[in-house]
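Every number for a ligand or one of its atoms is a count from 1 in the order of the listing.
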Amino acid sequence: MALLPLLINLLFIIFCASSPFARAAQLISVLSYGAMPDGKTDSTKAFAAAWSQACASTQPATISVPKGSFSLGQVRFQGPCKNTAILLRIDGTLVAPSDYKVIGSAQNWLIFEHVSGVTLSGGTLDGQGSGTMVMQKNSGKDCPSGATSLEFSNSNNIAITGLASLNSQMFHIVINACHNVEVQGVKVSAAGDSPNTDGIHVQASTGVTILNSRIGTGDDCVSIGPGTSNLWIENVGCGPGHGISIGSLGKDSQEAGVQNVTVKTTTFTGTENGVRIKTWGRPSNGFARNILFQHSVMTNVQNPIVIDQNYCPGEKDCPGQVSGVKISDVTYQDIHGSSATELAVKFDCSKTNPCSGIKLEDVKLTYKNQPAEASCSNAGGVASGLVQPTSCL
Ligand SMILES: *[C@@H]1O[C@H](CO)[C@@H](O)[C@H](O)[C@H]1NC(C)=O
């Protein structure tokens with residue numbers, strides 16, 4: 001007797017759960033706020049307005065940026081939002097001001113702060129950074145340091161997929177103080193001689209994954225700063241540039257450490273370094289531990305495997321000091337290819353805090369088709385399998 005109401009109830013529940021009305025994202029085009037795909041009209045306000053609408057909505061929202069070229073000054077995609085499902089779908093190109101001074105002192109060009117559940121998909125970011133580089137070369141000090149092209153800060157559950165980033169004035173992509181970030185299928189390119197144009201910089205973040213990406217710049221391919229843990233990097237090609245670097249760490253005396261980093265299936269082509277850990281030669285309570293470098297192919301790389309604990313640019317703030325950063329449990333597994341210098345493996349660790357638990361397993365690096373060389377100071381660990389150059393641990 002109560003069967004019919006029950007059935008109706010059930011059908012109602014099924015209908016609601018699968019209803020397209022319940023789940024359809026509202027679509028917000030930046031064009032509806034006056035953005036112009038003409039590469040000239042400043043579309044900053046239109047993007048900010050589209051963001052405000054999406055952020056204020058409790059329904060999932062898609063902000064669509066159609067084909068064409070959009071000129072943008074600094075845009076702050078500010079949270080917290082009511083919305084935890086915002087897709088920014090870019091089919092066109094976002095272009096920074098051609099006069100780099102407009103955003104060059106602002107630190108950031110496009111920044112997302114205090115957001116959760118944001119996906120950025122597709123598109124090209126053109127930082128127009130080559131002007132900065134020319135100016136830095138010519139006039140040095142008076143030149144603004146340049147803006148990072150894209151940053152996510154203090155945010156959770158972020159995805160960046162299929163994005164291309166060209167010629168940033170500074171770092172291309174920064175992940176700062178975030179949890180659960182997936183970067184996938186990203187292409188970064190800048191001139192090999194453009195300073196500080198790191199591809200992806202991660203710091204103070206946990207659960208960041210970087211997959212299937214191709215990065216060529218004038219600085220680090222991926223740089224990993226203090227406070228990073230549970231970072232996974234897989235299938236990334238680097239070059240030109242300075243390779244994948246944990247560090248610089250230990251600049252500050254009180255500093256969060258780096259732990260549980262996996263760098264897997266990477267290629268390095270003509271880079272300055274392959275896999276590097278770098279710390280300042282000064283006191284610090286920082287550390288780097290539980291690091292795995294696995295399946296790397298090096299082609300003509302100057303320093304394929306390197307730990308350098310004596311970083312001190314200009315020898316200014318650390319003469320005679322040693323690094324306090326403790327480096328432990330670092331594994332190099334199946335790393336092979338060619339070194340551009342005789343010294344392919346270099347562990348230059350801290351006198352007071354020697355590296356411990358270094359493992360070399362199936363490493364084969366050649367220089368001019370001959371076995372290369374290795375050097376160790378204050379480094380302890382073990383070698384197994386074929387290891388060439390002969391381990392100095
Ligand atoms: C290490 O990080 C990975 C993600 O990169 C995660 O899946 C794993 O649980 C972490 N391990 C520990 C011991 O936290």
Side-chain angles (χ1 to χ4, degrees), residues 112 115-120 150-163 171-186 188 198-215 220-238 243-250 255-268 273-279 285-297 305 307 325-335 355-362 381-382:
F112 293 78
V115 299
S116 182
V118 171
T119 297
L120 201 169
L150 174 67
E151 176 164 340
F152 279 87
S153 195
N154 293 289
S155 295
N156 303 327
N157 308 327
I158 303 302
I160 302 171
T161 154
L163 177 80
F171 293 2
H172 284 80
I173 299 173
V174 169
I175 310 294
N176 171 52
C178 292
H179 299 282
N180 189 22
V181 178
E182 186 167 305
V183 180
Q184 168 132 228
V186 158
V188 177
D198 294 33
I200 302 175
H201 177 73
V202 181
Q203 64 180 26
S205 296
T206 61
V208 177
T209 306
I210 301 170
L211 302 175
N212 310 332
S213 294
R214 177 81 196 81
I215 299 167
D220 292 337
C221 175
V222 179
S223 52
I224 299 154
T228 302
S229 61
N230 301 2
L231 169 64
W232 189 278
I233 298 172
E234 184 169 355
N235 192 21
V236 170
C238 299
I244 293 182
S245 185
I246 296 179
S248 311
L249 304 180
E255 194 180 272
V258 171
Q259 61 185 328
N260 188 19
V261 175
T262 302
V263 178
K264 186 175 168 169
T265 317
T266 47
T267 61
F268 297 87
N273 308 290
V275 290
R276 172 169 64 162
I277 301 175
K278 177 181 166 192
T279 78
N285 67 343
F287 60 83
R289 62 186 176 223
N290 299 332
I291 316 289
L292 173 63
F293 298 111
Q294 190 183 49
H295 310 314
S296 286
V297 179
I305 292 178
I307 296 179
V325 176
K326 293 178 185 62
I327 297 176
S328 60
D329 299 312
V330 183
T331 301
Y332 302 86
Q333 204 173 56
D334 182 28
I335 313 274
C355 298
S356 64
I358 309 277
K359 287 199 197 85
L360 289 166
E361 208 180 306
D362 299 315
V382 293

Taking every non-hydrogen atom, the tightest pair across Arg214 and Gly237: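 Answer, listing the atom of Arg214 first, then Gly237: NH1-O, 2.9 Å.
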Applying side chain to side chain donor-acceptor pair (under 3.5 Å) to Ser328 and not counting sequence neighbours gives none
Output for ligand 1, non-hydrogen cut-off under 4.0 Å, lists Asn230, Leu231, Trp232, Asn260
What pairs with Cys178 under disulfide bond (SG atoms under 2.5 Å apart), at least two apart in sequence or on another chain?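 By the disulfide bond (SG atoms under 2.5 Å apart) rule, Cys178 matches no residue at all.
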Check your understanding: Can you list the residues that meet the side-chain contact (heavy atoms from CB on, under 4.5 Å) rule with Gln333, with sequence neighbours excluded?
Key ->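 Scan of Gln333 (side-chain contact (heavy atoms from CB on, under 4.5 Å), adjacent residues dropped) gives Leu292, Gln294, Thr331, Glu361.
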Please work out which of the three classes, parallel, tilted or perpendicular, describes the rings of His201 and Phe171, given edges at 30° and 60°.
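Taking His201 first and then Phe171, their aromatic rings sit tilted (interplane angle of 30° to 60°).
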- Check for a donor-acceptor pair, side chain of Thr265 on one end and backbone N or O of Asn235 on the other, with a separation under 3.5 Å.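 Side chain of Thr265 to backbone of Asn235, a donor-acceptor pair under 3.5 Å: no, none is there.
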